[in-house]
J.: 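The following block contains the structure, expressed as structure tokens.
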Amino acid sequence: MNYLIFGASGGIGSALVELCLTHGHAVTAISRQHSSRLDQLAQQYPNQLATLQADVLNWQPKDSRQLEKLCTTFGKPDITFNAIGILHTPPIDSTSQSNKLKRPEKQLSQIDYGFFQHNMKVNCFSSIVIAQYLSTLYLRNEKFGFVTLSAMIGSISDNRTGGWYSYRMSKAALNMFIKTLSIEWHRTFPHAYVLAIHPGTTDTKLSAPFQQRLTSNKLFSAQQTAERILAIVEQATSEHSGNYLSWDGQPLGW
């Protein structure tokens, strides 16, 4: 199998890369930032791993050309993962005097346009850019999968506590995109599938500021999360396209 993984330098993305390699698959890993871990894996698996440093949200023609060369080496991806996402960030405004993290908003009054827009770009629009690229790669009857990491907090029906406005809305928007895309691809790529998966709370930099109150059975290692996601993906077919699933394969309410 040939995997294409975006967000490959992050906690879950890196674990997915390593797991796919240990299973004997070929992997093309895309990361916005340089990753020493990816360098190590490339040395360990020189015939299985290719890497590309590129920013999906600032995708350039040269990036497409480089990725096309990599696809020539390994063949078209059988499965593409998007593991790109944010939950908190330093201030978007470079003129800000604050060095504090920009955290999910607890109240309406805390919403600001910059942080809201950044959530939408990273958590939702990145998947749109990737799907647009994938749409140019395949012929109508080819089989392939596109899997993006969503979150249970993006479920409208499961929202009982409120708060976290920008993150909730960006993941809800992502879920709508995945559902809508599955309908279009059912017509244009009838053997393809697209899935949104909630990975569970994973021990990464993304969740680190919010782990204090979690019990050990509610916090998963990146390796556990990668194994669970891969187990779902390896069983998926076009009949599952458009599903919004939890890490255990159970469907979530929109």
Side-chain angles (χ1 to χ4, degrees), residues 1-60 62-75 77-92 94 99-103 118-119 121-123 125-127 129-130 133 146-149 151 197 199-211 219-230 233 247:
M1 295 280 283
N2 179 17
Y3 287 83
L4 174 59
I5 301 176
F6 289 84
S9 62
I12 295 177
S14 178
L16 281 168
V17 170
E18 186 166 2
L19 182 62
C20 289
L21 291 172
T22 59
H23 283 201
H25 303 306
V27 178
T28 300
I30 314 293
S31 61
R32 183 173 61 87
Q33 298 176 332
H34 174 261
S35 168
S36 58
R37 181 55 183 154
L38 289 179
D39 288 344
Q40 293 171 356
L41 290 171
Q43 292 180 352
Q44 190 175 353
Y45 299 92
N47 299 318
Q48 290 176 244
L49 177 62
T51 62
L52 174 62
Q53 189 173 338
D55 184 354
V56 169
L57 295 174
N58 189 29
W59 195 256
Q60 303 294 323
K62 66 178 179 62
D63 299 322
S64 293
R65 291 193 295 269
Q66 286 181 280
L67 187 51
E68 286 164 7
K69 289 181 181 179
L70 296 179
C71 287
T72 301
T73 302
F74 290 145
D78 297 296
I79 298 172
T80 297
F81 285 106
N82 182 16
I84 297 170
I86 63 160
L87 176 56
H88 53 81
T89 180
I92 307 298
S94 60
N99 291 318
K100 294 181 179 179
L101 287 176
K102 189 70 175 178
R103 293 173 176 264
H118 196 54
N119 270 267
K121 285 177 63 178
V122 176
N123 291 332
F125 198 73
S126 65
S127 287
V129 174
I130 293 168
Y133 177 77
F146 176 39
V147 181
T148 187
L149 297 187
I197 297 180
T201 305
T202 306
D203 188 10
T204 64
K205 291 181 180 178
L206 184 142
S207 69
F210 311 97
Q211 294 178 9
L219 183 65
F220 308 133
S221 69
Q223 182 180 359
Q224 282 178 302
T225 295
E227 289 171 350
R228 290 164 172 171
I229 292 172
L230 204 61
V233 168
W247 56 265

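Note that the numbering runs from 1 along the sequence shown for the chain.
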J.: For the residue pair Tyr45 and Leu21, what are the closest heavy atoms and their distance?
T.: CD1-CD1, 3.7 Å

J.: Return yes when atom CD of Glu227 has more than 12 non-hydrogen atoms of other residues, nucleotides or ligands closer than 6.0 Å, and no otherwise.
T.: yes

J.: Where do Asn82 and Ser127 come nearest, in terms of heavy atoms and distance?
T.: ND2-OG, 2.8 Å

J.: Under a 4.5 Å cut-off applied to non-hydrogen side-chain atoms, are Asp39 and Leu41 in contact?
T.: no

J.: Atom NE2 in His88, atom NZ in Lys102: separation rounded to 0.5 Å?
T.: 14.0 Å

J.: Using the side-chain contact (heavy atoms from CB on, under 4.5 Å) rule, pick out the option among Leu67, Asp78, Ile79, Ile130 that qualifies with Leu4.
T.: Leu67

J.: If you take all heavy atoms of Ile229 and Pro199, which pair is closest and at what distance?
T.: CD1-CB, 4.2 Å

J.: Applying side chain to side chain donor-acceptor pair (under 3.5 Å) as the test, list every pair that has at least one member in residues 2-30; sequence neighbours left out.
T.: Glu18-Arg37

J.: Does either side chain, that of Thr225 or that of Trp247, offer a donor lying less than 3.5 Å from an acceptor on the other one?
T.: no

J.: Do you know the tightest heavy-atom contact between Val27 and Cys20?
T.: CG2-CB, 3.6 Å

J.: Calculate, to the nearest 0.5 Å, the distance between atoms CG and CD1 belonging to Leu70 and Ile30 respectively.
T.: 6.5 Å

J.: Looking only at atom types and distance, does a side-chain atom of Gln43 sit under 3.5 Å from a main-chain N or O of Gln40, one as donor and one as acceptor?
T.: no

J.: Check step by step if side chain to side chain contact (heavy atoms under 4.5 Å, CB included) holds for Leu230 and Phe81.
T.: CA-CA 10 Å; Leu230 204 61; Phe81 285 106; 4.1 Å; yes

J.: Excluding sequence neighbours, so at least two apart, what forms side chain to side chain donor-acceptor pair (under 3.5 Å) with Asn119?
T.: Asn123

J.: Is there a side chain to side chain contact (heavy atoms under 4.5 Å, CB included) between Phe6 and Ser126? Walk through the geometry before answering.
T.: CA-CA 9 Å; Phe6 289 84; Ser126 65; over 6 Å; no

J.: Working to the nearest 0.5 angstrom, can you tell me the gap between Ile84 CD1 and Ile5 CD1?
T.: 11.5 Å

J.: Look only at the side chain of Gln60 and the backbone of Asn58, and say whether a donor-acceptor pair between them is shorter than 3.5 Å.
T.: yes

J.: Taking the side chain as every heavy atom from C-beta outward, state whether Gln53 and Arg32 have any atom pair closer than 4.5 Å.
T.: no

J.: Are Leu38 and Val17 close enough, and set up right, to give a side chain to side chain contact (heavy atoms under 4.5 Å, CB included), and what steps lead you there?
T.: CA-CA 8 Å; Leu38 289 179; Val17 170; 4.1 Å; yes

J.: List the atom of Gln224, the atom of Ser221, and the distance in Å for their closest heavy-atom pair.
T.: OE1-N, 2.9 Å

J.: Taking side chain to side chain donor-acceptor pair (under 3.5 Å) as the definition, give me every residue that meets it alongside Thr80, ordered by chain and number, with sequence neighbours left out.
T.: none

J.: Is there a side chain to side chain contact (heavy atoms under 4.5 Å, CB included) between His118 and Ile86 once you walk through the steps?
T.: CA-CA 9 Å; His118 196 54; Ile86 63 160; 3.4 Å; yes

